[in-house]
Amino acid sequence: MGAWYGVLAPKGTPKDLVTRISTDIAKAVATPEMRSSLVHLYYRPETAAPEQFAHSIGEDIRRLGEVIRSAGITAE
């Protein structure tokens, strides 16, 4: 499990809008200037399709939920 950073949109955001935003971000991240800036800030410039990103979030939630339950952690 690694840290991820991304852009999130409210549930119900039209798929065509999500696709457009994702495509525009991927284009920006692909530019040498943006990649250099991100690397300088210690980020790994990677992009993923919205479905891949949603899957990653879901997997992290599932794994962390297991850790929390097995450790007996509860909200105060």
Side-chain angles (χ1 to χ4, degrees):
M1 172 176 43
W4 46 260
Y5 304 92
V7 176
L8 303 174
K11 184 176 182 174
T13 301
K15 186 169 176 61
D16 61 328
L17 180 57
V18 170
T19 300
R20 180 177 173 198
I21 292 169
S22 176
T23 300
D24 289 348
I25 289 171
K27 286 179 185 177
V29 170
T31 65
E33 299 84 6
M34 179 63 83
R35 292 186 75 75
S36 176
S37 294
L38 291 169
V39 168
H40 181 73
L41 295 170
Y42 302 99
Y43 287 98
R44 284 188 325 203
E46 298 176 3
T47 58
E51 297 80 13
Q52 292 170 312
F53 187 53
H55 179 75
S56 294
I57 292 171
E59 284 297 304
D60 283 351
I61 290 169
R62 183 188 60 76
R63 277 193 297 263
L64 291 172
E66 289 174 8
V67 170
I68 289 167
R69 283 187 294 282
S70 67
I73 298 170
T74 60
E76 291 184 7

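Just so you know, residue 1 is the first one in the sequence shown, and it goes up from there.
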Exercise. What pair of heavy atoms forms the shortest contact from Thr13 to Ala9, and how long is it?
Worked result: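 Closest pair (atom of Thr13, atom of Ala9, distance): OG1-CB, 3.5 Å.
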In residues 28-43, what donor-acceptor pairs under 3.5 Å come from side-chain atoms, sequence neighbours left out?
residue: Thr31; atom: OG1; partner: Ala28; partner atom: O; Å: 2.8
residue: Thr31; atom: OG1; partner: Met34; partner atom: N; Å: 3.3
residue: Arg35; atom: NH1; partner: Pro45; partner atom: O; Å: 3.3
residue: Ser37; atom: OG; partner: Glu33; partner atom: O; Å: 3.0

Exercise. Taking only residues at least two apart or on different chains, which pairs with a member in residues 67-76 satisfy salt bridge (charged side-chain N to carboxylate O under 4.0 Å, His left out)?
Worked result: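 Listed once each, the pairs would be none.
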Problem set entry | Pairs touching residues 9-23 that satisfy salt bridge (charged side-chain N to carboxylate O under 4.0 Å, His left out), sequence neighbours left out | Lys15-Glu51, Arg20-Asp24
For this session: Indicate yes or no for a side-chain donor-acceptor contact from Ser22 to the backbone of Val18 under 3.5 Å, with no hydrogens or angles considered.
Result: no
Problem set entry | Spacing of His55 atom NE2 and Asp60 atom CG [to the nearest 0.5 Å] |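 Between His55 NE2 and Asp60 CG, I get 9.5 Å after rounding to 0.5 Å.
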For this session: Considering non-hydrogen atoms only, spot the tightest contact between Leu8 and Phe53 and give its length.
Result: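 Minimum heavy-atom contact is CD2-CE2, 3.5 Å.
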Exercise. Got a second to check how far Ile21's CD1 is from Leu17's CG, nearest 0.5 Å?
Worked result: 4.0 Å
Exercise. Does the pair Arg62 and Glu59 meet the rule for a salt bridge (Lys or Arg N to Asp or Glu O under 4.0 Å), with working shown?
Worked result: CA-CA 5 Å; Arg62 183 188 60 76; Glu59 284 297 304; 2.9 Å; yes
